Amino acid sequence: VVTYNSLMHGYCLQNQVDEARTLLDLMVKMGYSANVTTYSTLMNGYCKVHRVEDALNLYREMCDRGLVPDVVTYTTLVDGFCRIGKVEAAIEVFSEMTATGQSPDVTTFAVLLDGLCKCKHLDKAMRLVQDLEDRKVTWDIYIYNILMNGMCISGKVDYAMELFSSLESKGLKPNTVTFNTLINGLCKEDRRSEALKLLGEMKDKGCSPNAATYDVLIRGFLKPNEMSKVAELVREMSSSGFSVD
RNA sequence: CGGGCCCUGGAC
């Protein structure tokens, strides 16, 4: 079963969820029984490509076969609904999971927060943060990144910068995504010089810029046609080993 | 053996 699950995971990573699904039928024919991981893997494969209906069908199928969905299964579904913008449905799944006595973990909160943030429901996201605190779930850098991104999306870049400043005091290190998120937020607001300052800061802190970092900055400087800066960034990007296309 | 964050493309 573990072998089949790993194979399915591999297919899903290559966006070949239908092939992965075929393996489910095959393993049953071979007399193996799928477990919760099997179903969660496939459901995630479907959710990633926005085929949440198919994921739901698998969810029903696994329940029919007497399998009990766990926190990963529920989190996968919450994520799926968020990805297609159905945050209300995601919240329902979240409630259903707590109703069945499963505790949402930091990842469950992260996906739901991300869904709320991306729909610009920053207020609701903040209420969920309160819930997260009440449950004594410890924050990780993903939670911070998601909230900072949500603030930027909702036009509150300064709040995001404030949250960023509070990271060290919480004992958390910003990562590349943290900086990218803020640089993106600043560039979207045409605050390019501050964005450049963050690029410097990330390097100083030993946090390597990646292709997304340069992508965001280059787009930012292309907008006002600051071509010398664009050229400089492009040079830096390719000398760092990233392809410039 | 399975779940979460940034940019661009895909896929839908």
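Each chain gets a letter, A, B and so on, in the order its sequence line appears, and its residues count up from 1. This structure is a prediction, so every number in the text was calculated from the model and none was measured. Side chains are part of it too, since the values below use all heavy atoms of this structure and drop only hydrogens, waters and symmetry mates.
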Item to complete: Output the single nucleotide from B/G3, B/C1, B/G2 whose closest atom is nearest the side chain of A/D70.
Response: B/G2

Worksheet item: So what does A/V78 touch, heavy atoms closer than 4.0 Å: a base, only the sugar-phosphate, or nothing?
Response: nothing

Item to complete: For A/L116 and B/G4, give me the distance from atom CG to atom C1', rounded to whole Å.
Response: 14 Å

Discussion item. What is the separation between atom CG on A/L58 and atom C1' on B/G3, rounded to the nearest whole Å?
Written reply: 15 Å

Discussion item. What contact category does A/T73 fall into here, base, sugar-phosphate, or nothing, at under 4.0 angstrom with non-hydrogen atoms?
Written reply: base

Worksheet entry | Per A/N210 side chain, nearest of listed nucleotides B/C6, B/G4, B/G3 | B/C6

Worksheet item: Would you say A/T176's side chain and A/S208's backbone share a donor-acceptor pair under 3.5 angstrom?
Response: yes

Worksheet item: B/G3 P sits how many Å from A/F81 CZ, rounded?
Response: 19 Å

Fill in: Ring center gap for A/F164 and A/F179 short of 6.0 angstrom
yes

Discussion item. Between A/E226 and A/R192 (salt bridge meaning N to carboxylate O under 4.0 Å), is one present in this structure?
Written reply: yes

Practice prompt. Answer with yes or no after comparing the ring centroid distance for A/F109 and A/Y142 against a 6.0 Å cut-off, counting only values under it.
Written response: no

Practice prompt. Provide, to the nearest angstrom, the distance between the CD1 atom belonging to A/I153 and the P atom belonging to B/C5.
Written response: 12 Å

Item to complete: With a 4.0 Å heavy-atom cut-off, tell me which residues in residues 17-28 of chain A come close to RNA chain B, sorted by residue number.
Response: none

Worksheet item: Which part of the nucleic acid, if any, lies within reach of A/T38 when heavy atoms closer than 4.0 Å are counted: base, sugar-phosphate only, or nothing?
Response: nothing

Practice prompt. Test A/K124 against every option in A/L112, A/L116, A/I91 by the side-chain contact (heavy atoms from CB on, under 4.5 Å) rule and name the one that passes.
Written response: A/L116

Item to complete: Could you work out which one of B/G3, B/G2, B/C6 sits closest to the side chain of A/T107?
Response: B/G3

Practice prompt. Assert yes or no for the condition that the ring centre distance of A/Y4 to A/Y32 is strictly below 6.0 Å.
Written response: yes

Fill in: Sugar-phosphate only, base, or nothing, as touched by A/T41 at under 4.0 Å among non-hydrogen atoms
sugar-phosphate

Discussion item. One character per nucleotide, please: for nucleotides 7-12 of chain B, 5' to 3', B when the base has a protein heavy atom closer than 4.0 Å, S when only the sugar-phosphate does, - otherwise.
Written reply: BS-BBB

Practice prompt. Return the value, rounded to whole Å, for the distance between atom CE of A/M8 and atom P of B/G3.
Written response: 14 Å

Fill in: Test: A/K229 and A/E232 ion pair at under 4.0 Å
yes

Discussion item. Heavy atoms from C-beta onward define the side chain here; which of B/G2, B/G4, B/G3 lies closest to that of A/S40?
Written reply: B/G2

Worksheet entry | Residue whose nearest RNA chain B nucleotide is more 5′ - A/D140 or A/V1 | A/V1

Item to complete: Report the distance from atom CG of A/N180 to atom P of B/C5, rounded to the nearest whole Å.
Response: 14 Å

Fill in: Spacing between A/L172 atom CG and B/C5 atom C1', to the nearest angstrom
13 Å

Practice prompt. Using a strict cut-off of less than 4.0 Å between a Lys/Arg side-chain nitrogen and an Asp/Glu carboxylate oxygen, indicate whether A/D158 and A/K156 qualify as a salt bridge.
Written response: no

Worksheet item: A/N35 near the nucleic acid: base, sugar-phosphate alone, or nothing, with a heavy-atom cut-off under 4.0 Å?
Response: base

Worksheet item: Do A/K197 and A/E194 meet the salt-bridge criterion of a basic N to acidic O distance under 4.0 Å?
Response: no

Discussion item. Can you identify which nucleotide, out of B/G3, B/C5, B/G2, has its nearest atom closest to the A/N175 side chain?
Written reply: B/C5

Worksheet item: Would you call A/R21-A/D25 a salt bridge at under 4.0 Å N-O?
Response: yes

Discussion item. Any carboxylate oxygen within less than 4.0 angstrom of a Lys/Arg side-chain nitrogen, looking at A/E61 and A/R65?
Written reply: yes

Discussion item. For A/K205, I'd like to know if atom NZ has over 12 heavy atoms of other residues, nucleotides or ligands within 6.0 Å.
Written reply: yes

Worksheet item: RNA chain B: A/V71 or A/T213, which has the more 5' nearest nucleotide?
Response: A/V71

Worksheet item: What does A/T181 touch in the nucleic acid at a heavy-atom separation under 4.0 angstrom: a base, only the sugar-phosphate, or nothing?
Response: sugar-phosphate

Worksheet item: Between A/D79 and A/R83, is there a side-chain N and carboxylate O pair less than 4.0 Å apart?
Response: yes

Discussion item. Classify A/V72 by what it touches in the nucleic acid, base, sugar-phosphate, or nothing, heavy-atom distance under 4.0 Å.
Written reply: base

Worksheet entry | Atom-pair distance (CG on A/L42; P on B/G3), nearest Å | 12 Å

Worksheet item: Starting at the 5' end of RNA chain B, what dot-bracket string do you get if Watson-Crick and G-U pairs under 3.5 Å are bracketed, crossing pairs use [ ], other-strand pairs use | and unpaired bases use dots?
Response: ............

